[in-house]
Every structure is written in structure tokens, then in C-alpha cells.
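Below, read A as the first sequence line, B as the second, and so on, with proteins coming before strands; counting in each chain starts at 1.
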There are 2 protein chains.
Amino acid sequence: MRADARKNYDHLLAVAQKVLQEQGADVSMRDIARQADVGVGTLYRHFPTREALLETLLRSSFDDLAAKAAALENDAAADQALVAWLADIIGFTHEHRGILAPMMSAIEDPDSALHDACVRLKAAGASLLRRAQSAGLARADLDGAELFDLIAALAWLREQPAHAARSERLFSIVRDTILRVDR
Amino acid sequence: MRADARKNYDHLLAVAQKVLQEQGADVSMRDIARQADVGVGTLYRHFPTREALLETLLRSSFDDLAAKAAALENDAAADQALVAWLADIIGFTHEHRGILAPMMSAIEDPDSALHDACVRLKAAGASLLRRAQSAGLARADLDGAELFDLIAALAWLREQPAHAARSERLFSIVRDTILRVDR
DNA sequence: ACCTGAACACCGTTCAAGT
DNA sequence: ACCTGAACACCGTTCAAGT
């Protein structure tokens, strides 16, 4: 990459990170280019789609979540490992406001730049679930796709301002359903 | 209302109903006006906000849901009454693609034209829940707000194309959580 | 090779001007 | 009293023209 291009690329990423943090993942592409003092075309040249930008920005976070899942595979308590990871995912989507919608589209669109990251997350969750099920610590009649739906639904709720106060309560309800705990 | 205004109003409603059905509740206001062969200003004059239009279009459906809830209050099986009504709500939001987002905003915005309808639904659900709880048929540690969140989350899932195949399965999982059924 | 920004096709919403 | 649609301030995305 040419030096000027590299500089634009890096600067764009830095600015995008800040702007996404402040405005959410659905901020306008124009706004990002504007804040970076760069033509819109330059933004699109480096990141042909919003998903490509999000993927680049969040790659390390996705890697962290995958690594965390892998580490938790060796955790003694298979149920607590699963729950801890679910909480991490929800925390992640909550930190990155607006990321859920593109992720939900990406999971069924193999051409999306976010597709692989989503598939990895889903697989990691499924694996943790299977392990908990093998240990008899999670309900057996649940598969990875259903688990993903439940997490996505909780993540969506968490994005609703009205719901904020009940966030932890509902997480624990769903958690107990997954683990099949009676209280 | 003047005769020409009345005619525009009625025509606008008829066209909006058709267009919303085809395109979803987030269709552009411009498109509605265009399809109705009317200036945008005329649409805004009759319906100052998208919520006002939606409220008018769906008023009878909201009334039906409220009436249904009232009728179910006298149903012998308090648990089945609650579940049947939940299914109705989810069916309603699914029939009217795109209605969930404005409803979620409306419930915390007293100025929204949809606010009252949402509050009524929430209250109706809470009442059916209390009745089921009194009969010992629903878990006691759940309140109306939490129930509303759970329904909203299921309704949201149902709007996700990827989730379609698991829709009924997840409904039954959440249903059993609410009723606290062990299988 | 890369950048720019005008251009195109859209929005939501308002409001002066017309009937 | 009501209707119209241009006007304003935005979008996403592309691509000819410039460096």
C-alpha cells in the first residue's frame, strides 16, 4: 500500500472507532469520512461496505471472544463457563451499539464481511453448550442455533433503552432456562 | 372535515394499508404519498407522524387484542389464556412487519401516537399473568414489564429471517419458562 | 495508485404559494 | 380549509476527473 493510502487507512480506522463509539454502528458513512477529513470515495475505497469497516474495527474483539470461549472449554464448571461466555457476548454487543443488526444479517449472508466472525461465535457457543449438556448441566433439548437466538434476543433487549433496568433479571431468567435450574 | 379532505384521508388510509402490508411499516412516507397520488404535505397534514398513521391503521387490531385479552380473563385455564394471548401478540407483530420498532419507542414516549395502545397491551398481558400466577400456573417471580420484554424479544426474533425455522420452538421454550413447566 | 467530490437516486419534514 | 411540491438538510454509493 502506498504511504498516503496507508496513512488514510489508519486515520480512517482511528476516527471510525471514535465515531462508532459515540454514535453507534449505524452512523452515516458520510459522517465518518467527514470527521476524518477525507472524501467519501476514500472511505469506500478502503472499506467497500459498512460491514467491512465493522469487521476490521472489531476483528480483535471477535478474536478475543473466540479465545475466551476456547479458554473456557477447559474450565472446570461447564455451566458457569457457558454462562460467563454468554454474558461476554451480550456485553460486547452492548458496548458496540448498533452492531447486532448487521450481525444478524451477516449470519445468513455468506458474502458479508461479518459472516465468518458471526459463524465463529455461533460455533463457539454451540461447543460450550454441548459440553455443558454432556456434563448434565444444561438442558439437552437445545441446539446451537437456538442458543444463538436466545443470546441475540437478550442482546436486542439490552439495546432497548426501556429495558435497561430489567437487563440482568432477564439474563438470569434465560440463563436458568438454558441450565434448567429451578428456583 | 371538508369533502375533498375526507376523500384524501380515506384514500390515504386504504393505500397505506396496502403499501404497509407489502413493504413493511418502515416504508417511506414519500412512497405512501406517491402511491396515493397525493402531495407529501397532504399525507403529513392528515398524519403528522408515521406513528399517527400506524395508530390509525392498526387501531382496530389493537382493540381486538385488548378485547381478546378481556375475554380470556374469563377463560377457565389461566395458563392457556395467557399463552394464547402471547401467541396472538406475536402473530400480530409478525403480520405487521416493522411495527415492533415503533412500538418499542412508543412505550417509553408518552407523546407517541402509539403510546396508549402499547401501554394497554402491556397492562392486558400483566393482568393475564397475575391471574395465572394467582392460580399457581405461572412463575411468581415475574412481573408485567418482564413479560412484555420476553414477548418483545420473541417478536423481534420472529422478524429475523434466519430465525423463522426456530420460531415455534423458542416460543415453547419461553412459554414453559413463564409457566415454569418441566419437561 | 490513490484521492476527490460532484452526481444520482433516494430520505423526512416544512412551508410558501396556490385553489 | 386544504392541497401542492419545491426546498432544505440529510442519506448510500458510484465514478469521472484530477494528482
Side-chain angles (χ1 to χ4, degrees), chain A residues 1-16 18-20 22-57 97-106 109 111-114, chain B residues 1-16 19-20 22-57 97-106 109 111-115:
Chain A
M1 190 158 16
R2 229 166 62 179
D4 55 344
R6 166 102 260 154
K7 200 181 144 199
N8 272 329
Y9 180 89
D10 293 340
H11 183 229
L12 233 14
L13 270 185
V15 170
K18 200 196 63 188
V19 176
L20 276 259
E22 290 164 4
Q23 317 245 120
D26 54 350
V27 68
S28 83
M29 293 294 266
R30 262 190 151 86
D31 230 38
I32 297 170
R34 208 147 38 204
Q35 301 251 12
D37 272 308
V38 143
V40 260
T42 303
L43 176 55
Y44 276 98
R45 154 168 278 263
H46 288 297
F47 306 101
T49 61
R50 176 187 303 275
E51 288 72 34
L53 174 60
L54 292 173
E55 197 278 329
T56 305
L57 273 176
R97 192 162 34 106
I99 192 64
L100 186 63
M103 282 178 69
M104 285 304 279
S105 314
D109 174 13
D111 295 335
S112 167
L114 285 170
Chain B
M1 187 158 17
R2 227 167 62 179
D4 55 344
R6 167 101 260 156
K7 200 180 144 198
N8 272 330
Y9 180 89
D10 293 339
H11 183 227
L12 233 14
L13 270 185
V15 169
V19 176
L20 277 258
E22 290 164 2
Q23 317 245 118
D26 54 350
V27 68
S28 83
M29 293 294 267
R30 263 190 150 86
D31 231 37
I32 297 170
R34 208 146 37 204
Q35 302 252 11
D37 272 309
V38 144
V40 261
T42 303
L43 176 55
Y44 276 98
R45 156 169 275 262
H46 289 296
F47 306 100
T49 62
R50 175 187 303 276
E51 287 72 35
L53 174 60
L54 291 173
E55 197 278 328
T56 305
L57 273 176
R97 192 163 32 106
I99 191 64
L100 187 63
M103 282 178 69
M104 286 304 280
S105 314
D109 173 13
D111 294 335
S112 166
L114 285 171
H115 183 72

Using the closest heavy atom to pick a nucleotide of DNA chain D for each, name whichever of B/Arg2 or A/Thr49 lands nearer the 5' end.
B/Arg2

Using a strict cut-off of less than 4.0 Å between a Lys/Arg side-chain nitrogen and an Asp/Glu carboxylate oxygen, indicate whether A/Asp4 and A/Lys7 qualify as a salt bridge.
no

Under the side chain to side chain contact (heavy atoms under 4.5 Å, CB included) test, which residues partner A/Asp26, sequence neighbours left out?
none

Are A/Glu55 and A/Glu51 close enough that some pair of their side-chain heavy atoms sits under 4.5 Å apart?
no

Out of curiosity, B/Ile32 CD1 to B/Arg30 CZ, how far, rounded to the nearest 0.5 Å?
12.5 Å

So which of residues 33-42 of chain B are in contact with DNA chain D, with a heavy-atom cut-off of under 4.0 Å?
B/Val38, B/Gly39, B/Val40, B/Gly41, B/Thr42

If the condition is side chain to side chain contact (heavy atoms under 4.5 Å, CB included), which residues does A/Arg45 pass it with, not counting sequence neighbours?
none

B/Met103 versus B/Leu114, closest heavy-atom pair with distance
N-CD1, 4.5 Å

Atom of A/Thr56, atom of A/Tyr9 and distance for their closest heavy-atom approach:
CG2-OH, 3.4 Å

Does anyone know the first and last nucleotide of DNA chain C in reach of chain A, 5' to 3', at under 4.0 angstrom to a heavy atom?
C/dA1 to C/dA7

So what's the dot-bracket for DNA chain D: Watson-Crick or G-U pairs under 3.5 Å, [ ] if a pair crosses, | if it pairs off-strand?
||.|||||...|||||.||

For A/Pro102 and A/Gly98 the tightest heavy-atom approach is CD-O, 3.1 Å

Flag, side chain of B/Arg97 to backbone of B/Leu20, donor-acceptor distance under 3.5 Å:
no

How is A/Arg50 classified with respect to the nucleic acid when contacts are heavy atoms under 4.0 Å: base, sugar-phosphate, or nothing?
sugar-phosphate

Taken in chain and number order and not counting sequence neighbours, the residues that satisfy side chain to side chain contact (heavy atoms under 4.5 Å, CB included) with A/Arg50 are A/Met29, A/Leu54

What's A/Asp31 touching, base or sugar-phosphate or nothing? Going by heavy atoms closer than 4.0 Å.
sugar-phosphate

